[in-house]
Each structure stands twice: as C-alpha cells, then as structure tokens.
Amino acid sequence: MSVPRIRLVLALAAVTAFGVGACAPSSSSGLDATSSAGSDTVDDVTIALPGSLSTLDVAQEAGSLNYQIATITSEGLLGVNADGELVPALAEAWSQPDATTYVFSIRQDAKFTDGTPVTVDDILFSIDLARDPDRSPSTSIYWPEGLTVEQTGDWEITFTLAEANVAFAWTPTAVGGLWVTSRSFYENAGTYGSSADLILGTGAYEVVEFQPDSHVTFRAVDTWWGGTPDVKEIDVEFIPDENTRLLAQQSGETDISLGISLDQSEHWDSIAGSSVEYVSDRSYVGLTFDASVEPFDDIHVRKAVAHALDRESIVSTVLHGKGEVATGLSSPAQLGSSIGEDKARELLSSLTTFDFDLTAAKAELAQSKVPNGFDLELTYPNSGPQLGQAALTLADNLSELGINLEVTEVPIEEWISKVGTGDYGLYYMWYLPTTGDPGEIPGWLLNPGNPAQYENDEVFSHMASSSTDLNDLTRAESIIAANEIAQADVAYAPAWWGVSATAFTDNLAPQNYTAYFFMTPWAASLTSIG
C-alpha cells in the first residue's frame, strides 16, 4: 500500500496529519515482539514483496511496503507492540507531565548497526531531519507546527507542543514519523536510501544490498539492544505479479509472501509445507471524489457513482468474504482502539452511506449536468489486484448509466504519486494505518490538504476539536461528526475494511502475529520450528 501512510496496503502511507496528545503511558518495559525465543538459528529467509521500492528512505517514499521493510533495520524513540500499544525503543522510558510535554530517557547503550554508539545529537539530528519538508517530504507532515525539541539532561530529550495534541505520542515512533539515523552517515551519503548509499539504523539487521527494482538484503547484527535475531540473513525479493509470487512459494523459492491476493486464497491455502495467516489489517478502501474536477463538481454525479458501488457483492465475491463492508473511514478496530470495538461499531453504523441501487443511480445522473453519461478512468496499484477486480464490477454497473469507466493498473509508486493531485475526479483510496491512533485515517482525509481537496469548515472544526480532546469517547464522536458531513457531501464513498493474508513456510513461526505485526520489529521475531 496497502501510503503519503497510504501507507497503502500495500498502498498508502499513513498520514497522521495532526497530532494529538493524550496521556501516553510512562513505561520502561520492553518490546514483546523481539528476538531469540530459544529456537535454532536460520541461515536465510526469502520474502516476496508484492511491489517494489525505489528508495529505502521512508522520508522520501512512504508506502506501507516501505514501512514494513524499514522496520527490519530502523527504529524511533518508541515502538509498537503486537497489541498496538506504544512501547520503548531507543527511549527506554518516557513520561507526559502535562498535556503538551513529553520527556524521553534515551538508552545509553544503543548502537547503530555498524557498531557506532547512538548519541543524543544523532537523535536530535534525526528529529530535525524528519521535520524538514525538503529532506523528508513524506514524514514532515506528521510533526505539528510550534513543536520545540531540546536536550534536557545527559540522556534526556523533551518535546514541548504548542497545544495539546492527542495523537502526538505516535509521532516519535518509526511507524509514526521518526527513523533515527547517524548524523555523520547521513551527511556523508550522497543519496541516502539509494542502492549506492543504503541507510543506517539501530535495529536488528543491517542493509547489505539494495536494487530498487529487484531486491534488498539484510544481515543480522549483534548490536541491537533487543537481542540477536534467530534468522541470520533476510532477502526481500520484489515480485509485484501475484502469479509469480504464488509459483515462488509453491516451489519453495520463498519462505514468506506478503500481500496475497484473496482471489487466489484457495491456491495459497493448498500449498504443502506452507500456511496462510489472515488478519484484519484495519485498512480502509473506498472511492475519493475530487469535486474540483468536472463532472464531479456536481453532487448528483458523485451520488450516482456511489449508488453504483456494490459493496456487498465485492466483499462476498472479490474478497471471498474476507473483509467487511465499510460504513465509514475508520474500521471498528481502528476507531475502537480506545473506546472498544462495540462502541465504535455503534458510532459507525450511524453514518450516511449510499446503498447499491442502480435505479437511484440513474435518477441521480438524470439530474446532473451529464445525464447521458461520460468517460473516465480509475487507476489502481499493481499490488492490489482486488481493487482492480472491484473496479471492474463498478465499471459494469456504471455502463448501465452510460458512464464508460476505464480501469487501469499502474505501478504502486505511480499510483501513490497521483493521489490528491487533481489529475482525476475519481480515485481509489487504499489506506493501511501504521499506528493505533483512532484519528489516523480521518486525520488525513478530513483535514485541510486532504486528497479529495474537500473544503468544509465545519468538518475541519470537528477534526480540530478531536485533536485536542483528551476524552476518548467525545474525541471519537467528533471524528464521526466530521465523517458524517463528508460522506453526506459524497467526498468519499467507503467500500470495505480489509483483511491481509500472508503465507509462511511451516518452518518459520511468526511470534504474536496480529494486525500490528509488520509495524513491530517483526523480522527479529521470526523463529525456526523445523
């Protein structure tokens, strides 16, 4: 993605366009998804990635695949565990003495993968780097304006926000916007993240080779504060074609395959010596309407297309029941991370949606400026074949209205680069959250600068309130209020909340496999059971 932290499911990189700051817990406990469970070591693991990376620098390219690969070798001040909770990483403890202040105690024994010690100066440099829109165009948006950062002790850094920001606790994580690197390494690199210069982090693996359209190779190090991983070397092969990935897993050429097509799940489930893990990935898939592009400046056109989207059929046939019809921008698991999934479902059930109804769609189009139909194109990323299949069902339905929808597959990098640019009136949105913050997806889609170029002061006001509200329930209600207005205006048409499928060879055991697995130091958690 599925993303900007479209972070996409391989798609979009998630954009926490605001920060929020509620009560981050103080902690000094360790990650629960770390290494060395006492099993045998493994010489080499080959992983198939359903897309390619043009750089290893997430600050430059922030699709979800980039995040999943970067977590193999890099960290932030905080990490995420398998339950979606914030845990120590390069900060061994932290506290929040008031609503706008965060204090981090830095590990004194942390090292980069080349063996050089991590200094407070390296961390301050990395924070400045992450906040710089020129050097970090994909992550600087996560950092709130008015933030001050200073060293307040030999091994202590203090963040002071201009105003309370409930989501800010996620920002100093690797999946939230901070990838700590060495000042000297970065400044000596001509093109940080490239095949020539690679990257330097503090994780359990060092990067030893990278070819943008081919592969990236990691080697285990003994410098990580979390321990030494069981797998010595990891080769990540970029294999966008789903059939090629299937053949590679069937032949034993790959040990782990990410982003399995649900349409091929029967084939993957039948591979001898391999099993598939299905888990809610908290992702959102839906249509984005850009009202600045004709004819989508006409709400009747937007309503006609929304009514032609057969979400029930897509979930049952395209997704083979592995997914859920979406009623809003956040999945129940994501919105319910702080209020509980049952309450989240209750709130989400109140939102305006447009049921599949071709009669209503025709009536809407008849009232529009283009009653006889029009031609348009909908692109989807090559790492999301289910989006293409769903688009074809939409095209069939729209053809009955006289609308000719051309469905086009494009490389995921190209697809990400076009999101929100105004080149099309109709976009797909495929967003895989990387944090557990309930406001992550609405934070991008409903705030100024959103990819629909949607402008509504009442929506912005609700989102602003949500960003400073320390009460979990009223915060969620503000998010839902903003979501309701935007959906009634048909800025977005939710389609489904997703499930991810990953194949593992039976010789490997992923510890604590949850929706957050690939946001943790996941590679270090792989153990042999052979």
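All values derive from a computational prediction rather than experimental measurement.
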Task: Side-chain (D128) to main-chain (F125) donor-acceptor, under 3.5 angstrom - done: no
task = Take L258 and F518 through the side-chain contact (heavy atoms from CB on, under 4.5 Å) test and state the conclusion after the steps.
result = CA-CA 10 Å; L258 281 68; F518 289 108; 3.9 Å; yes
Examine distances only and state if a side-chain atom of S74 and a backbone atom of T71 form a donor-acceptor pair shorter than 3.5 Å. no
Y67 and L432, any side-chain heavy atoms less than 4.5 Å apart: no
For this session: Would you mind reporting whether L178 and S126 have side-chain heavy atoms less than 4.5 Å apart?
Result: yes
CD of E277 to OG1 of T502, rounded to nearest 0.5 Å, is 8.0 Å
Subject >> Heavy-atom donor-acceptor pair, Y427 side chain to G422 backbone, under 3.5 Å >> reply: yes
Heavy-atom nearest pair, Y205 first then A523, reads OH-O, 3.7 Å
Q) Within a radius of less than 6.0 Å around NZ of K322, do more than 12 heavy atoms belonging to other residues, nucleotides or ligands occur? A) yes
The reported gap from NE2 in H320 to CD in E266 (rounded to nearest 0.5 angstrom) is 7.0 Å
- Message: Between Q68 and M519 (side chain of the first, backbone of the second, donor and acceptor by atom type, cut-off under 3.5 Å), is there such a pair?
- Response: no
Requested in this report: With the side chain counted from C-beta on, respond yes when L526 and V42 share a heavy-atom pair under 4.5 Å apart, and no when they do not.
Outcome: no
Q.
With a 3.5 Å distance limit and no angle check, can you tell me whether W430 reaches the backbone of Y380 through a side-chain donor-acceptor pair?
A. no
Cut-off 3.5 Å, side chains only: do D57 and Y186 have a donor facing an acceptor?
no
Within-4.5 Å side-chain heavy-atom neighbours: R245 and I260: no
Smallest heavy-atom separation, P494 atom then L309 atom, equals O-CD2, 4.0 Å
Would you indicate whether the side-chain heavy atoms of W94 and L86 approach each other to under 4.5 Å?
yes
Discussion item. Is the ring pair F168/W143 parallel, tilted or perpendicular, if the boundaries are 30 and 60 degrees?
Written reply: perpendicular
Worksheet item: Hey, mind stepping through V118 and F112 against side-chain contact (heavy atoms from CB on, under 4.5 Å) and telling me if it holds?
Response: CA-CA 6 Å; V118 176; F112 292 104; 3.8 Å; yes
**Asked** Do W224 and E75 have side-chain N/O donor and acceptor atoms under 3.5 Å apart?
**Response** yes
Of all heavy-atom pairs linking K418 and T421, the shortest is O-OG1, 2.7 Å
Any side-chain donor paired with an acceptor under 3.5 Å for E61 and T55? no
Problem set entry | Check: D290/Q453 side-chain N/O donor and acceptor closer than 3.5 Å | yes
Check whether any side-chain heavy atom of W444 sits under 4.5 Å from a side-chain heavy atom of M429, and report yes or no. yes
So, does T171 use its side chain to make a donor-acceptor pair with the main chain of G176 at under 3.5 Å? no
Do D263 and E242 have side chains that approach each other closer than 4.5 Å (heavy atoms only, starting at C-beta)? no
Shortest non-hydrogen pair, N447 vs M463, comes out as OD1-CB, 3.4 Å
Heavy atoms of T191 and D197 approach each other most closely as N-OD2, 2.7 Å
Cut-off 3.5 Å, no hydrogens considered: what does the side-chain donor-acceptor table look like for residues 208-221, sequence neighbours left out?
unit_1	atom_1	unit_2	atom_2	d
E209	OE2	H215	NE2	2.5
T217	OG1	D235	OD1	3.2

Between Q389 and L392, is any pair of side-chain heavy atoms under 4.5 Å apart?
-> no
In this structure, OG of S54 is separated from CD1 of I416 (nearest 0.5 Å) by 9.0 Å
Minimal heavy-atom distance between A326 and R311, with the atoms involved, is O-NH1, 2.6 Å
Under the salt bridge (Lys or Arg N to Asp or Glu O under 4.0 Å) criterion, do K232 and D43 qualify, and how do the steps go?
CA-CA 5 Å; K232 296 179 181 178; D43 287 338; 3.5 Å; yes
Report task. Look at the aromatic rings of Y513 and F504 and report parallel, tilted or perpendicular, splitting at 30° and 60°. Result -> perpendicular
CG (L200) and CH2 (W179) are apart, to the nearest 0.5 Å, by 14.0 Å
Notebook entry, point to check: Between the main-chain N or O of A248 and the side-chain N or O of S251, is there a donor-acceptor pair closer than 3.5 Å?
Noted result: yes
Practice task
Examine distances only and state if a side-chain atom of R282 and a backbone atom of A333 form a donor-acceptor pair shorter than 3.5 Å.
Solution key: no
For W497 and S280, which I'm curious about, is there any donor-acceptor pair between the side chains at under 3.5 Å? no
One should read off an interatomic distance between S283 OG and I441 CD1, to the nearest 0.5 angstrom, of 7.5 Å
Using modelled atom types only, decide if a donor and an acceptor are shared between the side chain of D255 and the backbone of T46 within a distance under 3.5 Å. yes
For residues T116 and D114, is any side-chain donor paired with an opposing acceptor at under 3.5 Å?
yes
- Are V80 and W170 close enough, and set up right, to give a side-chain contact (heavy atoms from CB on, under 4.5 Å), and what steps lead you there? CA-CA 9 Å; V80 182; W170 289 91; 3.5 Å; yes
_Residue E187 excluded, over 12 heavy atoms near CD under 6.0 Å_ = yes
inquiry  = Please check this pair: side chain of T514 against backbone of A82, looking for a donor-acceptor N/O pair closer than 3.5 Å.
reply    = yes
Go through it in stages, so that I can follow the logic: the residues are L394 and L287, the test is side-chain contact (heavy atoms from CB on, under 4.5 Å), and I'd like the CA-CA distance, side-chain angles, deciding distance and then a yes or no. CA-CA 11 Å; L394 176 63; L287 300 177; 4.0 Å; yes
dist T288:OG1 -> L426:CG (nearest 0.5 Å) comes out at 8.0 Å
* **Check: Y454 ring centroid to Y492 ring centroid under 6.0 Å** => no
### Distance-only donor-acceptor check, side chains Y192 and Q60, under 3.5 Å
no
